[in-house]
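Contents: one structure, followed by commentary.
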Amino acid sequence: MKLLVMETKLHLRDWPTLLFTIGLPAGLLLVLGMSIPDFTRQQDSGERIVDAYFPSSMALLALLTLSCSVLPAVLAAYRQQGVLRRMSTTPVHPARVLGAQLLINLAVGTVSTGILILAAWLAFGSTPPRQWAWFILVFLLGTAALLAIGLVIASLAPSAKSAPGIGSAVMFPLMFLGGVWVPREVMPEPLRVISDFSVAGPFAQALKDTWMGQPPQLMHLVVVAAGLVLFGGLAVRTFRWE
């Protein structure tokens, strides 16, 4: 618990990164809502809602930023500075640092997604996700899979300076496959197939489905869970303390 509190304080001190991770997705959501005429639509019941594509895409953007940029940079810096090596000689195993970092990034991702839900509701009269149980399950499963990818990046990064570059090389293709730039519905069929078997694509689609009140497709859950197992296993096998 003391380690978690300490890591949280260090994370909060890096307020520009925290502001970027939480504020950018919410800001983009508001800009899109004000600039795109058909961003909102009228349902048969007369309820004005925000198209779930935009808030779910912004949630994916925040989680990818945490997983591919923030987490690898911190862990690579700790390894380069010898923090993990020194901790390995103490009763506090460095694996606890990993656990603390994962919990902190999960908390930040949860706050960012909560702000997106609140912003969509206050600014555009959107209803929150209608399948809350499914939404929470999809969110936790997908976030864990993305954080596992971040651990693999941290394992492969030779230095703290190279970690953000490697993370960006992974993050931007995943953003594209997740439909952040181009909706998956308008992707060519071969590209959509590739998206369906990436972690980001099924995760984004499952978030959108549960937001709109539909249960996630079983295939999407299977792909995301398989990504968690695959990248989690790679992280365990390849992570270096020094």
Side-chain angles (χ1 to χ4, degrees), residues 21-30 32-33 39-41 43-45 47-68 70-71 102-150 171 174-175 177-181 183-185 192 195-229 231-232:
T21 305
I22 295 178
L24 178 63
L28 287 176
L29 178 68
L30 296 176
L32 288 170
F39 182 77
T40 59
R41 67 169 185 265
Q43 283 190 320
D44 295 337
S45 62
E47 182 184 6
R48 188 166 176 261
I49 68 169
V50 176
D51 189 340
Y53 163 72
F54 292 102
S56 61
S57 296
M58 294 303 100
L60 179 64
L61 170 62
L63 295 172
L64 280 173
T65 302
L66 287 169
S67 302
C68 297
V70 177
L71 178 64
L102 292 176
L103 287 176
I104 291 170
N105 282 279
L106 174 61
V108 174
T110 302
V111 171
S112 179
T113 303
I115 290 176
L116 287 170
I117 295 173
L118 186 62
W121 175 52
L122 293 177
F124 308 109
S126 168
T127 55
R130 300 181 177 184
Q131 291 279 353
W132 270 111
W134 280 115
F135 181 84
I136 293 173
L137 174 63
V138 168
F139 175 81
L140 293 176
L141 182 64
T143 302
L146 294 182
L147 289 174
I149 294 175
M171 180 176 69
L174 288 180
M175 287 173 57
L177 293 174
V180 174
W181 296 332
R184 283 166 33 88
E185 290 78 7
R192 194 182 308 156
S195 174
D196 285 337
F197 287 94
S198 69
V199 173
F203 180 33
Q205 187 63 48
L207 280 179
K208 177 182 174 183
D209 289 342
T210 55
W211 204 305
M212 296 300 296
Q214 304 170 5
Q217 299 180 33
L218 178 60
M219 187 60 184
H220 292 160
L221 294 179
V222 170
V223 171
V224 176
L228 172 58
V229 173
F231 292 108

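Applying the side-chain contact (heavy atoms from CB on, under 4.5 Å) criterion to W132, with sequence neighbours excluded, gives I117, P128, P129, F135, I136. Among residues two or more places apart in sequence or in another chain, the side-chain contact (heavy atoms from CB on, under 4.5 Å) test is passed with A26 by I115, L116. In this view, L137 and W134 satisfy the side-chain contact (heavy atoms from CB on, under 4.5 Å) rule, not counting sequence neighbours.
Between L221 and P216, the shortest heavy-atom distance links the atoms CD1-CG, 4.0 Å. Closest of all the heavy-atom pairs between S56 and K208 is OG-CB, 3.9 Å.
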Without placing hydrogens or testing angles, list every side-chain donor-acceptor pair under 3.5 Å for residues 197-207, not counting sequence neighbours.
{"residue": "S198", "atom": "OG", "partner": "S195", "partner atom": "O", "Å": "2.8"}
{"residue": "S198", "atom": "OG", "partner": "G201", "partner atom": "N", "Å": "3.1"}
{"residue": "Q205", "atom": "OE1", "partner": "R184", "partner atom": "NE", "Å": "3.3"}
{"residue": "Q205", "atom": "NE2", "partner": "D209", "partner atom": "OD1", "Å": "3.0"}

Could you go through residues 102-113 and list every donor-acceptor pair under 3.5 Å that involves a side-chain atom there, pairing it with any protein atom two or more places apart or in another chain?
{"residue": "N105", "atom": "ND2", "partner": "Q101", "partner atom": "O", "Å": "2.7"}
{"residue": "T110", "atom": "OG1", "partner": "L106", "partner atom": "O", "Å": "2.8"}
{"residue": "T113", "atom": "OG1", "partner": "G109", "partner atom": "O", "Å": "2.9"}

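Side-chain atoms of M175 and L60, non-hydrogen and from C-beta on, never get closer than 4.5 Å to each other. Side chains of L71 and L66 form no contact here, defined as non-hydrogen atoms less than 4.5 Å apart. Looking at L24 and M58, their side chains never come closer than 4.5 Å, going by heavy atoms from C-beta outward.
With values rounded to the nearest 0.5 angstrom, H220 atom NE2 is found 12.0 Å from T210 atom OG1. For the atom pair R130 CZ and M212 CE, the distance stands at 6.0 Å (nearest 0.5 Å).
When I149, L146, L64 are each tested for a side-chain contact (heavy atoms from CB on, under 4.5 Å) with M171, only one passes: L64.
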